[in-house]
Amino acid sequence: MTVLRHTWYMVVRQARNLMREPIWIVLLLVQPMVWLVLYGQLFKNVTHLGGFGTTSYVTFLAPAIVVMNSFFGATWSGMGMIYDLDHKFVERVLATPASRFAIVLSQIVRSALTAAIQAVIILVVALALGVRVHTGGAGWVIVILAAILVNSAFAGISQGIALLTRREATMIALANFIGLPLLFVSTTLLARSQMPHWMRVAAHGNPMDWGVRAAREVVLPGTSWGTVGLYLVFLLVLSAATALWATWCFRAYERTL
Amino acid sequence: MDAIVVDGLEKRYKGVQALDGVSFSVREGEVFGLLGPNGAGKSTTVRILATLSRMDAGRAEVAGHDVRRQASAVRRAIGYVPQDSGIDQNGTGRENLMLQGRVQGMGGRELRDRVSGLLEFVGIADAADRVVKTYSGGMRRRLDIALGLVHRPRVLFLDEPTTGLDPEARAGMWAEVGRLARQERLTILLTTHYLEEADELADRLAIVSRGQIVVEGTPRELKATLRGDAVHLELADGRMDDARRILERVGASPEGTGEGRTLVSRVENGNRALPGILSALEQEGIGVESVSLSRPSLDDVYLHYTGRDFAAEDRGEA
């Protein structure tokens, strides 16, 4: 209970600080739309190749953009931790009885909440572009859930790296290093049948692709709820594992003090 | 009853022995100063007592709780005002205080009233709802202290409370700490590398040098151990050893070397001894650039016990 209460206080603090940076809010809102519009236009005719399950590329793309955006957001989430470490905020909190786990968890929750808000915005823009979610309201919930889970799974990793390296430059390099490869080794932009064989195999082990598939499954016709459930459970387990790893990294950081 | 007991504390950082057997104790309601140059081990000691860092060896108790085994009890009993403040600069003063109170288990009306009261108490009520980024250095330091006090701790740690403050803000902070000690009946452990600060604020103090306590006592006691006056002689040339010999002969053996070409001796009565010292040096042809006499200060105490000049050591020249 203490963990949850403390996490809540710390999430409120981070959210409030974010609201004080109007430029951030604009970026957070506009960037996902840019993805959707740019990619949607660029690859518009690719559905002629077949295997997309729809003739509307933007319908194919929208759920994947939601997940991709939450994935990119997660890779950067460790920057918040580095800021708090640099400004010794974490040290001050450590001299109080505050829950240690809450310090880490609040960063992940803040990151996932941002992803959820962005997911809603992308879905609304997609709706305006003519995208219809085949399973309706339940589908919206699933897409947002997939975004939250992909984000928290990778945010855990990002927090762990932040705590181990404690350097912004290293964080940026790592985020770039893993970001684009994972995007391309997934079905985000292209139908599975159009990918080279080895990439198809590799995509099975890409947690971002799990999220993309779950989200797309509910948007396109022929939804298999079993598939959706399976991928979401995978992501949930992974999120728990990376959060635990990040906590372990936090203990390692504490030992350096 | 002792509020803080420290016994044989040792800590190594990356191959450097930061603390090498530090022991002292602080009575309840006392203002105790840890005085020493930069890098002496003061902050390390406080960080261990505030449960941030772990000791390698030794034992420490704060407010009756073992620092290692009862860390959460210690955290509830202490207020820690670190050297690098750790304020959330994107939050307002009030928000910072509310969060601090909440993780200390306070809430509701009690916390809101406490926070408003504290903002008044440290004199930043007008700026309470502005983000801390807009605060001056002195205001931030006041907020730091308020953060340490929210949950009414029994022991307050002030790590270099006035470093980086201008003289006016420093004087304000001294008044503040004095007021705290009287009104809130707190035990305060403060670290400082300002001799005059320790002299002004501390009921008792310990001088720390290179990870060890050199001497402990009230500022009065410490100064009293240095009977007589200090004679500072700045030599025109570098004939330090010759000068030393002559001074010994006239009964004013130097205790140490001050900054540059300065020798410091201690004599029973400076005014009477000075003419003799100067003529003895002149006879041997040793030029004296300047001379000064001083009543014992903590500077002299430091020099007396460590054989090193405080200011030079503080700048890392030792």
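Order of the sequence lines fixes the chain letters, A, B, ..., with proteins taken first and strands second; residue numbering starts at 1 for each chain. Worth knowing before you read on, the calculation uses all heavy atoms, side chains too, and leaves out hydrogens, waters and symmetry mates.
Using a 4.5 Å cut-off between heavy atoms, A:Thr256 touches chain B through its backbone atoms (N, CA, C, O) alone. When heavy atoms are compared at a cutoff of 4.5 Å, B:Lys11 approaches chain A solely by way of its side chain, counted from C-beta outward. Only the backbone of B:Ser85 comes within less than 4.5 Å of a heavy atom of chain A; no side-chain atom from C-beta onward does. For B:Tyr13, the part lying near chain A is the side chain, with the backbone staying farther off; criterion is any non-hydrogen pair under 4.5 Å. Neither the backbone nor the side chain of B:Val74 comes within contact range of chain A; no heavy atom of the residue lies under 4.5 Å from a heavy atom of that chain. Only the side chain of B:Leu99 comes within contact range of chain A, judged by heavy atoms closer than 4.5 Å. Residue B:Ile48: no heavy atom, backbone or side chain, is found under 4.5 Å from chain A.
Listed here is the closest heavy atom pair of A:Asn17 and B:Gly91: OD1-N, 3.8 Å. Residues B:Asp88 and A:Arg92 come closest through the heavy atom pair N-NH2, 4.2 Å. For the residue pair A:Ala95 and B:Tyr80, the shortest heavy atom distance occurs at CB-CD2, 3.5 Å. Taking all atoms of both residues into account, the shortest heavy-atom contact from A:Arg20 to B:Thr92 is NH2-CG2, 3.8 Å. Closest heavy-atom contact between B:Lys133 and A:Glu21: NZ-OE2, 3.8 Å.
For the set B:Met98, B:Glu95, B:Arg54, B:Gln104, the count of heavy-atom pairs under 4.5 angstrom toward chain A peaks at B:Glu95. The candidate with the highest count of non-hydrogen atom pairs below 4.5 Å against chain B, out of A:His87, A:Glu91, A:Arg5, is A:Glu91. Interface summary for chain A: among B:Ile78, B:Leu147, B:Thr51, B:Val131, the most heavy-atom pairs under 4.5 angstrom belong to B:Leu147.
Within the 4.5 Å cutoff, no side-chain heavy atoms of A:Leu94 are placed close to those of B:Arg47.
The CG atom of B:Leu52 lies 9.0 Å from the CD atom of A:Glu254; values are rounded to the nearest 0.5 Å. Between atom CZ of residue B:Arg102 and atom CH2 of residue A:Trp8 there is a gap of 10.5 Å, rounded to the nearest 0.5 Å. Atoms CZ and OG, from A:Arg255 and B:Ser53 in turn, are 13.5 Å apart once rounded to the nearest 0.5 Å.
When the shell of 6.0 Å around CH2 of A:Trp245 is examined, it contains more than 12 heavy atoms from other residues, nucleotides or ligands. In the displayed structure, A:Arg167 atom CZ is contacted under 6.0 Å by at most 12 heavy atoms of other residues, nucleotides or ligands. Dense packing is recorded around CZ of B:Arg130, with more than 12 heavy atoms of other residues, nucleotides or ligands lying under 6.0 Å away.
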